[in-house]
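By convention here, the first residue in the shown sequence is residue 1.
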Amino acid sequence: PGGILGRQGLEQITDHGALDESAAALVHALSDVLGKLEPFDHDRFGVAKRDRIKQGDPHPVRAFADRIGRTFGAPEYELYMVDHPDITWACVYAGAPPTLVVPTRLETARDPVLAFALARPLALMSRLLHAVDRTDPVTLERILVAAARQFEPGFALREDEPDLDRETKRVGKAIGFFARSRGQDAATTFAAAPTRDVAGWVRDVRRMAARAALLVGDDLLAAYEALGSDVGSDDLVADLARFWVSDPAMRFRRRVAQQI
């Protein structure tokens with residue numbers, strides 16, 4: 001079950017009903033499949049399976065992450081500490097279970113910085129939307145369309161989409177025969193009432209996660225420190241500044257601080 005920032009809590013800090021969009025249901029249904037299509041590459045980041053930090057392991061970052069995860073009702077996940085230039089902030093990769101990747105520099109971070117850094121991907125995980133974190137919107141849109149085409153072969157969001165048939169085959173192979181039924185309802189709903197601006201939806205979901213993380217860390221400057229200079233194209237810094245003084249933020253901050 002979710003905590004203060006379970007689904008109902010997150011809905012109150014989310015723009016444009018993003019959690020109710022058909023894209024959300026389809027990403028949720030495809031969470032394991034997206035782990036096959038866009039997996040965490042252990043070799044690329046210089047870690048092996050034996051380096052994973054599991055729940056209950058005596059590691060301070062894992063213990064802190066699990067405390068925060070209870071605020072969201074986050075599912076089980078694997079955690080890796082990574083020293084790699086492409087991992088500048090904590091992030092999550094889709095998979096079964098999902099993989100939380102934390103830069104080693106955060107081991108010595110102040111608690112509010114670490115809290116924000118961990119809470120952002122954990123918020124995504126709690127809604128099984130973790131694929132949104134590291135998959136770019138263009139790629140994600142193509143995957144969602146290809147998933148819908150498994151059941152509605154003529155479906156497309158755009159005219160003259162290049163290589164859509166090849167992507168449909170790739171996604172179909174990842175879904176496999178036995179997993180088709182689990183994603184059918186979400187895929188046919190997406191085809192009937194698609195999220196037409198997938199990039200905008202991704203932005204809204206990422207902002208939701210950052211806002212939730214700000215409530216957990218309860219420190220705007222720490223959030224900026226955790227984000228660093230690589231804030232992406234979602235205008236997170238400006239959005240967090242606006243959110244920090246909003247009515248929903250005021251209501252949640254004290255309640256969240258009491259739970260963690």
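- Residues Arg203 and Asp15 are not paired through a salt bridge, judged by the lack of any N-O separation under 4.0 Å between the basic side chain and the carboxylate.
- Side-chain contact between Thr14 and Val205: absent, with no pair of heavy atoms (C-beta onward) separated by less than 4.5 Å.
- The cationic group of Arg211 does not satisfy the cation-pi geometry with Phe252, failing either the under 6.0 Å distance to the six-membered ring centre or the 45° limit from the ring axis.
- Looking only at distances, no side-chain donor or acceptor of Asp66 sits under 3.5 Å from a matching main-chain atom of Ala63.
- For the salt bridge (charged side-chain N to carboxylate O under 4.0 Å, His left out) with Glu78, the lone residue among Lys54, Lys49, Arg50 that qualifies is Lys49.
- Ion pairing between a basic and an acidic side chain is recognised when a charged N comes within 4.0 Å of a carboxylate O; Asp218 and Arg253 show such pairing.
- Using a 4.0 Å cut-off between a side-chain N of Lys or Arg and a carboxylate O of Asp or Glu, Arg52 and Glu76 do not qualify as a salt bridge.
- The main-chain N or O of Ala156 is never found under 3.5 Å from a side-chain atom of Glu161 such that the two would form a donor-acceptor pair.
- With sequence neighbours excluded, the residues that form a ring pair (Phe, Tyr, Trp, His ring centres under 6.0 Å) with Tyr80 are Phe40, His42.
- By the side-chain contact (heavy atoms from CB on, under 4.5 Å) test, Asp165 is found to be paired with Arg149, residues two or more places apart in sequence or in another chain being considered.
- Under the 6.0 Å distance and 45° angle rule, Arg196 does not count as a cation-pi partner of Trp201.
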Ser22 vs Thr189, side-chain hydrogen bond (donor to acceptor under 3.5 Å, both in side chains): CA-CA, chis, key distance, verdict = CA-CA 7 Å; Ser22 58; Thr189 297; over 6 Å; no

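- In terms of modelled atom types and a separation under 3.5 Å, the side chain of Thr135 and the main chain of Val132 share no donor-acceptor contact.
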